[in-house]
Protein chains: 2
Amino acid sequence: MRDVAKAAGVSVATVSHVVNDKPGARIGDDARRRVQEAVVELGYRPNALAKTLSQGGSRFIGLVADAIATTPFAGQIIHGAQDEAWKHGYVLLVANTEGNAAVENDAIAMMLEHQVHGILYSTWYHREIVVPDVLQQVDTVLVDCFAADGEFPAVVPDEEQGGRTATEELLAAGHRRIAFINTTTPSPARTGRLAGYRAALEASGIEMDESLVFSAEPQQEGGYRTTPRILESGATAVFCHNDRVAMGLYDGLREAGVRVPEDIAVMGFDNQEVIAAHVRPPLSTVALPHYELGAAGVRVLLGLESDESHRLRIACPAVRRASV
Amino acid sequence: MRDVAKAAGVSVATVSHVVNDKPGARIGDDARRRVQEAVVELGYRPNALAKTLSQGGSRFIGLVADAIATTPFAGQIIHGAQDEAWKHGYVLLVANTEGNAAVENDAIAMMLEHQVHGILYSTWYHREIVVPDVLQQVDTVLVDCFAADGEFPAVVPDEEQGGRTATEELLAAGHRRIAFINTTTPSPARTGRLAGYRAALEASGIEMDESLVFSAEPQQEGGYRTTPRILESGATAVFCHNDRVAMGLYDGLREAGVRVPEDIAVMGFDNQEVIAAHVRPPLSTVALPHYELGAAGVRVLLGLESDESHRLRIACPAVRRASV
DNA sequence: TTGAAAGCGCTAACAC
DNA sequence: GTGTTAGCGCTTTCAA
C-alpha cells in the first residue's frame, strides 16, 4: 500500500480511501485516477488480515462439522453457509471433527484465535446435542442439531412437515392404504416424520391403521427385511423413513416380482442423490434442506433472521421422480 | 495481551515469550508462573491474525473445490487436507465454486487477500484442467486434476494401478474370463483403468480378449443395459468402471436370476460408501484415495513431499467386501 | 481535498 | 532474565 501511495504520489490514507471507496471522502478525480492506475500497475491486493486488525472484528465465520468426509450432507451445509456468508462479505473457516471432542476443542480454539465473528456448529443428522463449553465464549448457532435447554439458537429441518409432505404425495396419487417404515432409532426424525404421517392421514379423513407402521433399521438391510410384511399388509404405497430403506425395499420388491410404481408406490426421505436419482425407477422422495440449513445458519448468526422459539424449522420439499 | 502483562507485572514481550514457549528465552520460573496464571485468569487468547501480521506469512492454506455439495468425494479431500494442514499448524480456508469461473476468481482473490501460504486447487473427479490465471500469483498444487503443460505440481490417483488391482482381485479368486465395463467418457480414468486391466491379464499370462471390454455410460443405467451382453460373453467375473455401473449391473443380474458372487463375481471402482457398502451383496471395489489426495496435496504444498515428474500418483487400494 | 500520526495485537532485535 | 521499541499493513481521526 505504501508502494501504491508512492507511485501515485499520494499518502497511504488517500490510497485507503480510494480502494475502499469510502463514502464521506472527497478525493480529487485526478488523485483517484492515479491511485487506481498504481493499483493495477503494481497488482496491489489489500491485506485482509491487517484490515481486520485495525478495524477490530474480522469477517470470518467458523463452521465446525462432525462428518464432512463421510456424507455428502455436510458438503451441502458448507455450500449453503458459504454462499450466504460471501453474500455478506464473510469468509468461512471450516473444521472437520469427525466427532472427536478433542479435535473439536482445538478447532474451536483455533477459530477463536482467528477472531471469528461467530460459529456454526453443525451435525450431519438432526439430533439433540450437548454443546461444548468453549462455545459459551462466542456467538454460536446450531445447525441441524439443537441443545436440550434451547440456550443456543438452532436451525433444523422440519421433520413433521416433511413426513406430512411425503404422505401427501402418496395420497395425491390416490393411495389410501399407505404403509410407513419408520426407523428404530429414537430421533427427531423418527417422531417428527411419524407425526407428519399421522397428520396427513388425518387431514385426509383416513383412519390411522397402526398395523401399517413398521420399524426397521435405517439402512438398506432394514428395508429389504421389511418387504414380506409390507406385501402381506396389503398396502399400495410405502413411505420409507429414508432413501436407503427405500433402496432395500426396492431390492426386496424386485425379488418378489413386484413392480414400482405400477404395483406399489414408494416414497423415500433425505434425497440422497447417489441413491434416489439413480435407482430404478428413480425414487420420489423428500429433501433434507441442508443447503438452506447452512444458509439460514449464517443468517441467524448475523442477526438477519431469527425465531422466537430459538429453533428455526426449515421446510423439506418433495422431490418427484418416478416411484409414485 | 497488555492486560495479561499488567496482571502478571511483566512486559508484553515476556508474555509473548511464555505463551509461545520461545526456545531461546530465559524466563524466571516465577515470572513464567505469574504469566500463566494471568492467562487463565483473564481467559486470554492470542490473536492469530495479529501474529500473522507481525511475522509476515500466515498459516492459512486455501482449498478451492468445484463440487463440495454434490459428492462426498470433495469432503474427503477436505478432510485429508485439513488433518495434514493442522498437523503442521496450518488452517484451511475452504471455497466451493461449483464449477463457476467467476466464483472461482473471487474465491482465489479472497484467499490471496488473506495471505494464504498457498492454494490447493481440487476437482471432484480426476481430469485435465486449464488453470485459472490468478493462480500464477501463488504457490499452487493441483489435487485430483492436472494441467496439460505440467506447470503446476499435481497429486492424482493412480488409475492404472487401480485397474490392475481390481483385476488382480478377480484373478486371485480364480477367474480367467474377466469382462471390463469401461466408461464411454474420455478421461484419465478410462485409459488408466483399461491399461491396468490389460497389464494384470498380461502378467497372469491370459490373452486379452477384446470382446470382453464393453463401453457404457458411467451410471447405473449403463451397467444395467450392459447386462445382457455380459451374460452372453460367458465372463465369470466383471470389473466395472465404477460402483454406480456395478449397481446397475446388480439390478440387471438380479432380474436375470444370476447370483453375485456365486454365478458371477463383480468388482467396482471408487468405493462410494453409500453404494458399495450397502448394496446386496456388499460390493468389493477399489477405493479412490481422496483423503490421501488432500493430505498429499498439502504435503507437496509445504515442500514436504515431491515428485520429479510433477505428478504424484497415489495408490488406489482394494476394498474387499462380498461380491467376489 | 489531502496528509500525518496514532493505534489494532503481536513479534523480534536489542538494550539493560 | 526482562523490558523497550520498532515495525507488520491498514484505518481513522484530525489538522492543514
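In what follows, chains carry the letters A, B, and so on, assigned in the order in which the sequence lines appear, proteins first and then strands, with residues in each chain numbered from 1.
Rounded to whole Å, atom P of C/dG7 lies 18 Å from atom CE of B/Met1. Taking atom NZ of A/Lys22 as the reference point, atom C1' of C/dT2 lies 15 Å away to the nearest angstrom.
Comparing the axis of the opening five pairs of the helix from C/dT1-D/dA16 to C/dC16-D/dG1 with that of the closing five pairs yields an angle of 40°, rounded to 10°.
DNA chain D lies under 4.0 Å from at least one heavy atom of each of the following residues of residues 41-57 of chain A: A/Tyr44, A/Arg45, A/Pro46, A/Asn47, A/Ala50, A/Lys51, A/Ser54, A/Gln55.
A 4.0 Å heavy-atom criterion places the boundary nucleotides of DNA chain D facing chain B at D/dG1 to D/dG9, written 5' to 3'.
Nearest approach of A/Val155 to A/Ile314, heavy atoms of both residues: CG1-CG1, 3.7 Å. The two residues B/Val4 and B/Val35 make their nearest non-hydrogen contact at CG1-O, 4.2 Å.
In this structure, the separation between CD on B/Glu292 and CD on B/Gln76 is 11.5 Å, given to the nearest 0.5 Å. For the atom pair CZ (B/Arg313) and CG (B/Asp158), the distance works out to 6.5 Å, reported to the nearest 0.5 Å.
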Sort me out a list of protein N/O and nucleotides 13-16 of chain C N/O pairs below 3.5 Å, or just none if empty.
none

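Below 30°, between 30° and 60°, or above 60°: for A/His114 and A/Phe60 the angle between ring planes is above 60°, a perpendicular geometry. The aromatic rings of A/Tyr291 and A/His79 sit perpendicular, their planes meeting at an angle over 60°, well past the 30° parallel limit. Aromatic ring pairs are classed by plane angle as parallel below 30°, tilted from 30° to 60° and perpendicular above 60°; the pair A/Phe146 and A/His126 is perpendicular.
Contacts of B/Tyr121 classified as ring-ring contact (aromatic ring centres under 6.0 Å, His included), with partners at least two apart in sequence or in another chain: none. Shown here are the ring-ring contact (aromatic ring centres under 6.0 Å, His included) partners of A/His17, two or more places apart in sequence or in another chain: there are none.
The local environment of CG in A/Asp133 is sparse, with at most 12 non-hydrogen atoms from other residues, nucleotides or ligands closer than 6.0 Å. Within 6.0 Å of CG on B/Asp29 lie no more than 12 heavy atoms contributed by other residues, nucleotides or ligands.
At the heavy-atom level, A/Val10 lies under 4.0 Å from the strands shown only through sugar-phosphate atoms.
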